[in-house]
Colleague: 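Have a look at this one.
Order of listing sets the numbers, starting from 1, for every ligand and every atom in it. What you see below is based on every heavy atom in this structure, not just the backbone, and it leaves out hydrogens, waters and symmetry mates.
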Amino acid sequence: MPLGPDSTERLARARGDLRMGVPVVVGSLLVLAAETLGPGRLAGLRDLGGEPVLAITARRAETLKARAYDGDMARLRLPRDASPGWVRAVADPADDLDRPFLGPFETLRAGDSRAHRAAIHLAKSAHLLPAVVALELTDADRLAAEQGLTHLALPEAERVLTEEIALHEVASARVPLAVSRAGRVHVFRPADGSEEHYAVEIGSPPRGAPVLARLHSACFTGDLIGSLKCDCGAQLQAALAQMGSEGAGVLLYLNQEGRGIGLANKMRAYALQDQGFDTVEANHRLGFEDDERDFRIGAAILREMGFSAVRLMTNNPAKIEMMRANGIDVTERVPLRVGQTCENARYLATKAAKSGHLL
Ligand SMILES: Nc1nc2c(ncn2[C@@H]2O[C@H](COP(=O)(O)OP(=O)(O)OP(=O)(O)O)[C@@H](O)[C@H]2O)c(=O)[nH]1
Ligand SMILES: [Zn+2]
């Protein structure tokens, strides 16, 4: 009787384990997230012998001046006396400026880094810092079974990078809005156990024609508490207002806070911005790419709702490209130029200069 978890379900479990500081096994590698590593688990890992490493992204390695021989990532040998505090200091740039002498780091060159890479992506998808402590095991099956650890075969773990987006609508209801009485909120649930996303439908846009659409990524600070550091709240309101005045539209509210790195990491990025780094540099110092969002989600929701063409409200050309690459026709770009403040001028200028945003 197939009651046990399949590989998608084990992936979801592994994300939860890493967040809780519980090790998972990826292929033949025992993995702990750097951010949630505690002294007990580190001692347990040491007891197994072998040569543990701390795997980080090449972005983070660049800041630390560590050599990255594995392309987009690096495996640093874990010093014998490394504490959880040391591991976190390597993973988290918060105190970089106060601790310039963390290294020198010894980086591995030989061996296979695929499981380490998959584990870093797993940590990212759990919205943790992209850094993991990893130990090659001789008998991974036995250890995982004995200790009750989630065990992913390497191809299963690599699915975190390639898995098709599958989601379905769970519920929808009428919600009269200030901009239009004819509002409806739809909730979509991904099959991989990740966060739900929402669609706000205004009026009854015909499915056969291009719909006025906005793909809005969650911004707790801008959307909810009126932060002046970005333009998100004003864009959200302006998009809804235009849909209300045209009588039809669809606003996707995608729970990809902080361009996909999660709110905790976005606040880490904000703290780095207070040290003088711009929004892109801050992401890189944390070990992330400029933008970690998966725009296939937006395309999948539009398709699920029956839309295949949009008039897209955005200043971000990458969104247009990603929609087209995922089978959604963008018949028009509708600029959304609102919400400029003294506080976000540098942020918007950086997005224009480094991320190709149209002003
Ligand atoms: N990592 C990071 N994320 C940020 C920062 N400021 C805002 N964000 C996030 O950036 C995203 C902005 O989303 P959008 O407004 O949909 O996207 P956009 O790429 O700016 O494109 P358009 O607004 O469509 O022109 C939200 O998820 C915010 O939470 C920052 O300094 N660092
Ligand atoms: Zn914002």
Side-chain angles (χ1 to χ4, degrees), residues 57 59-60 93 124 127-130 195 197-200 212-240 242-243 249-295 297-299 301-302 310-323 328 330 332-341 343-359:
T57 66
R59 293 286 189 198
R60 183 70 190 129
K124 273 191 189 180
H127 290 162
L128 296 168
L129 288 167
E195 274 153 300
H197 306 284
Y198 322 129
V200 182
L212 181 65
R214 164 107 186 118
L215 270 67
H216 190 86
S217 300
C219 180
F220 166 74
T221 44
D223 297 340
L224 288 177
I225 57 172
S227 161
L228 303 176
K229 268 181 79 75
C230 60
D231 54 350
C232 301
Q235 286 188 320
L236 176 64
Q237 296 307 326
L240 289 171
Q242 185 164 342
M243 290 172 191
V250 60
L251 181 136
L252 304 191
Y253 195 88
L254 303 170
N255 277 312
Q256 301 176 315
E257 175 67 60
R259 294 198 296 274
I261 65 176
L263 187 60
N265 286 321
K266 185 172 100 171
M267 289 306 104
R268 291 183 170 124
Y270 274 11
L272 294 174
Q273 290 167 36
D274 285 340
Q275 296 178 7
F277 301 103
D278 71 31
T279 180
V280 170
E281 290 163 345
N283 260 38
H284 291 176
R285 290 185 80 85
L286 284 160
F288 292 107
E289 297 304 316
D290 314 13
D291 194 337
E292 296 274 357
R293 286 176 288 184
D294 185 346
F295 286 111
I297 296 169
I301 295 176
L302 287 170
V310 291
R311 293 166 51 224
L312 193 62
M313 306 184 79
T314 186
N315 307 323
N316 182 352
K319 279 189 184 172
I320 299 174
E321 270 167 45
M322 293 305 292
M323 282 302 101
I328 301 289
V330 181
E332 183 190 342
R333 178 180 82 90
V334 181
L336 198 53
R337 251 181 255 106
V338 288
Q340 279 95 343
T341 64
E343 288 83 356
N344 69 20
R346 181 169 179 223
Y347 168 70
L348 296 177
T350 303
K351 291 219 292 190
K354 295 193 174 177
S355 311
H357 278 239
L358 305 160
L359 287 175

Colleague: Within the 3.5 Å criterion, strictly below it, is a donor on T221 or K266 matched to an acceptor on the partner's side chain?
Modeller: yes
Colleague: With backbone taken as N, CA, C and O and side chain as the heavy atoms from C-beta onward, which portion of K266 lies under 4.0 Å from ligand 1: side chain, backbone, both, or neither?
Modeller: side chain
Colleague: Between R59 and E289, is there a donor-acceptor pair closer than 3.5 Å when you use the side chain of the first and the backbone of the second?
Modeller: no
Colleague: What's the shortest distance from atom 18 (P) of ligand 1 to any protein heavy atom, and which residue and atom give it?
Modeller: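 The protein heavy atom lying closest is H357 CE1, 3.5 Å.
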Colleague: What atoms in ligand 1 come closer than 4.0 Å to a heavy atom of I261?
Modeller: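 Listed by number with element: 1 (N).
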Colleague: Between SG of C219 and SG of C230, what angle is found at the Zn ion (ligand 2), rounded to 10 degrees?
Modeller: 120°
Colleague: Pairs of nitrogen or oxygen atoms closer than 3.5 Å, one from A218 and one from ligand 1: do any exist?
Modeller: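 Among all N and O atoms of A218, at least one is under 3.5 Å from an N or O of ligand 1.
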Colleague: Between SG of C219 and CD of E257, what distance do you get to the nearest 0.5 Å?
Modeller: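 It is 5.5 Å, given to the nearest 0.5 Å.
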Colleague: Do the side chain of K319 and the main chain of L215 share a donor and acceptor less than 3.5 angstrom apart?
Modeller: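 Checking the backbone N and O of L215 against the side chain of K319, a donor-acceptor pair under 3.5 Å is found.
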Colleague: Where's the contact between T221 and ligand 1, heavy-atom distance under 4.0 Å: side chain, backbone, both or neither?
Modeller: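 Contact part for T221 vs ligand 1: neither.
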Colleague: Are any of the N/O atoms on M313, whether in the backbone or the side chain, positioned under 3.5 angstrom from an N/O atom of ligand 1?
Modeller: no
Colleague: Which of the atoms in ligand 1, numbered in the order shown and given with their element, are less than 4.0 Å from a heavy-atom of N316?
Modeller: 18 (P), 19 (O), 21 (O), 25 (O)
Colleague: For L215, state whether at least one heavy atom is located under 4.0 Å from any atom of ligand 1.
Modeller: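 Per 4.0 Å heavy-atom rule, L215 contacts ligand 1.
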Colleague: Counting each atom of ligand 1 from 1 as listed, which ones have a heavy atom of R214 under 4.0 Å away?
Modeller: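 Atoms satisfying the 4.0 Å criterion: 14 (P), 15 (O), 16 (O), 22 (P), 23 (O), 24 (O).
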Colleague: Among V200, I301, L302, which one satisfies side chain to side chain contact (heavy atoms under 4.5 Å, CB included) with V250?
Modeller: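 For V250, the side chain to side chain contact (heavy atoms under 4.5 Å, CB included) test succeeds with only one of V200, I301, L302, which is L302.
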Colleague: What's the separation between atom CD in Q235 and atom CZ in R214, rounded to the nearest 0.5 Å?
Modeller: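 Q235 atom CD to R214 atom CZ measures 4.5 Å (nearest 0.5 Å).
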Colleague: Pick whichever of N315, D290, I320 has a heavy atom sitting closest to atom 25 (O) of ligand 1.
Modeller: N315
Colleague: Which option out of R337, Q235, K319 puts a heavy atom nearest to atom 16 (O) of ligand 1?
Modeller: K319
Colleague: Answer with yes or no whether Q273 contacts ligand 1, where contact means a heavy atom under 4.0 Å from a ligand atom.
Modeller: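 Yes; Q273 lies near enough to ligand 1 that a heavy-atom distance drops under 4.0 Å.
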Colleague: Strictly distance-based, threshold 3.5 Å: is any side-chain N or O of Q256 a donor or acceptor partner for the main-chain N or O of D294?
Modeller: yes
Colleague: Closest by any non-hydrogen atom to atom 22 (P) of ligand 1: pick that one out of D223, T279, L336, T314.
Modeller: T314
Colleague: Of all the non-hydrogen atoms in the protein, which one sits nearest to atom 20 (O) of ligand 1, and at what distance?
Modeller: K351 NZ, 2.4 Å
Colleague: Checking Q340 against D231 for the side chain to side chain contact (heavy atoms under 4.5 Å, CB included) test, could you report, in this order, the C-alpha distance in whole Å, the side-chain angles of both residues, the deciding distance, and whether it holds?
Modeller: CA-CA 6 Å; Q340 279 95 343; D231 54 350; over 6 Å; no
Colleague: Are the side chain of N265 and the backbone N or O of H127 linked by a donor-acceptor pair below 3.5 Å?
Modeller: yes
Colleague: Which ligand 1 atoms are under 4.0 Å away from a heavy-atom of C219?
Modeller: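 Every atom of ligand 1 under 4.0 Å from some heavy atom of C219: 28 (C), 29 (O).
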Colleague: At what distance, to the nearest 0.5 angstrom, does SG of C230 lie from CG of D223?
Modeller: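 Atom-to-atom, C230:SG and D223:CG are 7.5 Å apart.
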Colleague: Starting from the C-alpha separation in whole Å, work towards a yes-or-no answer on side chain to side chain contact (heavy atoms under 4.5 Å, CB included) for N315 and L336.
Modeller: CA-CA 6 Å; N315 307 323; L336 198 53; 4.2 Å; yes
Colleague: List every atom of ligand 1 that sits less than 4.0 Å from any heavy atom of Q256, numbering the atoms from 1 in the order shown and giving each element.
Modeller: 27 (O)
Colleague: Distance-only, no hydrogens or angles: does the H216 side chain make a donor-acceptor pair with backbone N or O of Y253 under 3.5 Å?
Modeller: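 Between the backbone of Y253 and the side chain of H216 there is no qualifying donor-acceptor contact (under 3.5 Å).
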Colleague: Measuring from the heavy atoms of F220, does anything fall under 4.0 Å of ligand 1?
Modeller: no
Colleague: Would you say H216 has any N or O atom under 3.5 Å from an N or O of ligand 1, going by distance alone?
Modeller: no
Colleague: Looking at ligand 1, would R293 count as a contact under a 4.0 Å heavy-atom criterion?
Modeller: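 Yes; R293 lies near enough to ligand 1 that a heavy-atom distance drops under 4.0 Å.
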Colleague: How far does OG of S217 sit from CG of N316, to the nearest 0.5 angstrom?
Modeller: 9.0 Å
Colleague: Starting from atom 8 (N) of ligand 1, locate the nearest protein heavy atom and write down its residue, its atom name and how far away it is, to 0.1 Å.
Modeller: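 Of the protein heavy atoms, Y347 OH, 3.7 Å lies nearest.
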Colleague: May I ask you to identify the nearest protein heavy atom to atom 10 (O) of ligand 1, giving residue, atom name and distance to one decimal place in Å?
Modeller: R259 CG, 3.2 Å
